[in-house]
Amino acid sequence: MGRPRKFSREGVLQKAMPVFWKYGFARTTLPDLEQATGVNKSGLYTEFESKEALFLACLRHYLDTRSSGALLMAEPLGWENVERFLEEAPSCAFDQRGCFSVNSMRELDGLPKEARKVIADGRARLNHLLRANVTAEQPKMDVNSLCELISAFFSGICIEANLNPDRKRARRKIRDFMQMLRAA
């Protein structure tokens with residue numbers, strides 16, 4: 001009879017995710033993950049099968065638990081939700097910068113193949129929520145084009161947060177971007 005497990009899957013995900021977030025998939029080592037989670041290689045591989053499986057589980061966990069969905073579903077739908085999303089979603093959660101999903105896109109070719117689908121599905125859900133908010137404002141410009149602009153801007157400020165975590169600077173850019181959107 002095996003020894004009982006002394007860790008929770010959720011706890012491992014919460015501790016491993018910041019490691020992948022900070023170092024990326026390729027640069028994260030098994031010893032990094034063991035140290036962060038407090039679970040040895042055998043325990044990690046029993047629960048997750050491989051480093052790739054653990055990364056995918058962390059990515060799914062992040063996409064399932066981040067607050068952007070709630071921010072973009074608040075009533076009434078519209079520009080205020082989009083602005084709140086842009087201000088809060090890329091904040092430094094877990095002492096990390098930017099967005100874990102956006103950061104992961106930088107090394108897409110080196111990620112497990114399924115990561116592309118997980119990230120694309122997350123982007124599709126985000127786009128659906130953005131579209132509802134933009135549509136509610138009845139803009140003069142094409143809704144899909146505006147959603148693509150918002151998504152590209154979001155990715156840009158998330159990547160920029162890795163270089164410069166100055167929230168005041170980011171808020172100014174978001175305020176200027178929102179002024180442009182409201183006029184569109």
Side-chain angles (χ1 to χ4, degrees), residues 8-22 36 54-106 108 111 114-139 141-162 164-184:
S8 73
R9 182 178 180 86
E10 174 90 11
V12 169
L13 293 174
Q14 289 176 351
K15 292 174 182 174
M17 184 172 43
V19 178
F20 284 123
W21 197 332
K22 182 175 183 178
L54 177 55
F55 175 82
L56 286 167
C58 286
L59 188 57
R60 286 186 185 104
H61 178 73
Y62 173 76
L63 291 170
D64 290 343
T65 60
R66 65 185 181 163
S67 63
S68 60
L71 294 170
L72 290 169
M73 288 189 283
E75 293 290 336
L77 297 178
W79 295 133
E80 296 301 318
N81 286 356
V82 173
E83 187 167 3
R84 220 172 14 262
F85 162 73
L86 291 173
E87 287 177 351
E88 293 182 28
S91 67
C92 300
F94 305 107
D95 294 326
Q96 301 302 314
R97 295 179 182 163
C99 167
F100 180 41
S101 179
V102 170
N103 287 357
S104 296
M105 288 189 318
R106 296 181 304 188
L108 211 51
L111 295 180
E114 194 175 337
R116 183 179 295 273
K117 181 179 178 353
V118 171
I119 291 169
D121 289 348
R123 298 293 279 195
R125 283 192 305 269
L126 173 61
N127 193 49
H128 174 76
L129 294 170
L130 287 172
R131 186 175 295 121
N133 282 279
V134 173
T135 299
E137 293 291 347
Q138 301 177 345
M141 277 185 66
D142 177 65
V143 169
N144 290 327
S145 296
L146 286 172
C147 290
E148 288 174 4
L149 285 172
I150 295 166
S151 183
F153 179 83
F154 171 72
S155 295
I157 62 169
C158 288
I159 291 171
E160 212 173 74
N162 287 280
N164 186 350
D166 180 4
R167 297 299 299 153
K168 284 184 186 177
R169 195 169 166 188
R171 282 189 189 100
R172 180 189 49 78
K173 289 178 183 183
I174 292 165
R175 190 177 55 247
D176 292 347
F177 181 70
M178 289 308 302
Q179 185 177 4
M180 180 193 75
L181 284 179
R182 284 179 170 102

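Residue indices begin at 1 and follow the sequence shown.
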Any residue meeting side chain to side chain contact (heavy atoms under 4.5 Å, CB included) with Arg172, in chain and number order, not counting sequence neighbours: Arg169, Arg175, Asp176

With Phe55 via ring pair (Phe, Tyr, Trp, His ring centres under 6.0 Å) - residues at least two apart: Phe20, Phe25, Phe100

Side chains of Leu71 and Leu129 in contact at under 4.5 Å (non-hydrogen atoms): no

side-chain hydrogen bond (donor to acceptor under 3.5 Å, both in side chains) partners of Glu75, counting only residues at least two apart: none

Residues which pass side-chain hydrogen bond (donor to acceptor under 3.5 Å, both in side chains) with Asn81, listed by chain and number, not counting sequence neighbours: Arg84, Asn133

Approximate separation, where rounding is to 0.5 Å, of His128 NE2 and Leu126 CG: 11.0 Å

Spacing of OG belonging to Ser68 relative to CG belonging to Leu86, to within rounding of 0.5 Å: 10.5 Å

Electrostatic pair Asp121-Arg125, nearest N-O below 4.0 angstrom: no

Quick check: closest heavy atoms across [X] and [Y], and the distance to 0.1 Å?
X      : Y      : answer
Ala16  : Cys58  : CB-SG, 3.8 Å
Ser8   : Gly11  : OG-N, 2.9 Å
Ser101 : Leu59  : CA-CD1, 4.1 Å
Val134 : Pro139 : O-CD, 3.2 Å
Leu13  : Ala57  : CD2-CB, 3.5 Å
Val19  : Lys15  : CG2-O, 3.7 Å

Full working for side-chain contact (heavy atoms from CB on, under 4.5 Å) between Leu111 and Arg116: CA-CA 8 Å; Leu111 295 180; Arg116 183 179 295 273; over 6 Å; no

I'd like a table of donor-acceptor pairs (distance under 3.5 Å, sequence neighbours excluded) in which one partner is a side-chain atom from residues 144-159, with atom names and distances.
residue : atom : partner : partner atom : Å
Asn144  : OD1  : Arg131  : NE           : 2.9
Asn144  : OD1  : Arg131  : NH2          : 3.1
Ser145  : OG   : Asp142  : OD2          : 3.1
Ser151  : OG   : Arg123  : NH2          : 2.7
Ser155  : OG   : Arg123  : NH1          : 3.2
Ser155  : OG   : Arg123  : NH2          : 2.8
Ser155  : OG   : Ser151  : O            : 3.2

Stepwise side-chain contact (heavy atoms from CB on, under 4.5 Å) test for Thr65 and Gln14: CA-CA 11 Å; Thr65 60; Gln14 289 176 351; over 6 Å; no

Which donor-acceptor pairs under 3.5 Å do the side chains of residues 177-184 make with protein atoms, sequence neighbours left out?
residue : atom : partner : partner atom : Å
Arg182  : NH1  : Glu83   : OE1          : 3.3
Arg182  : NH2  : Glu80   : OE2          : 2.9
Arg182  : NH2  : Glu83   : OE1          : 3.1

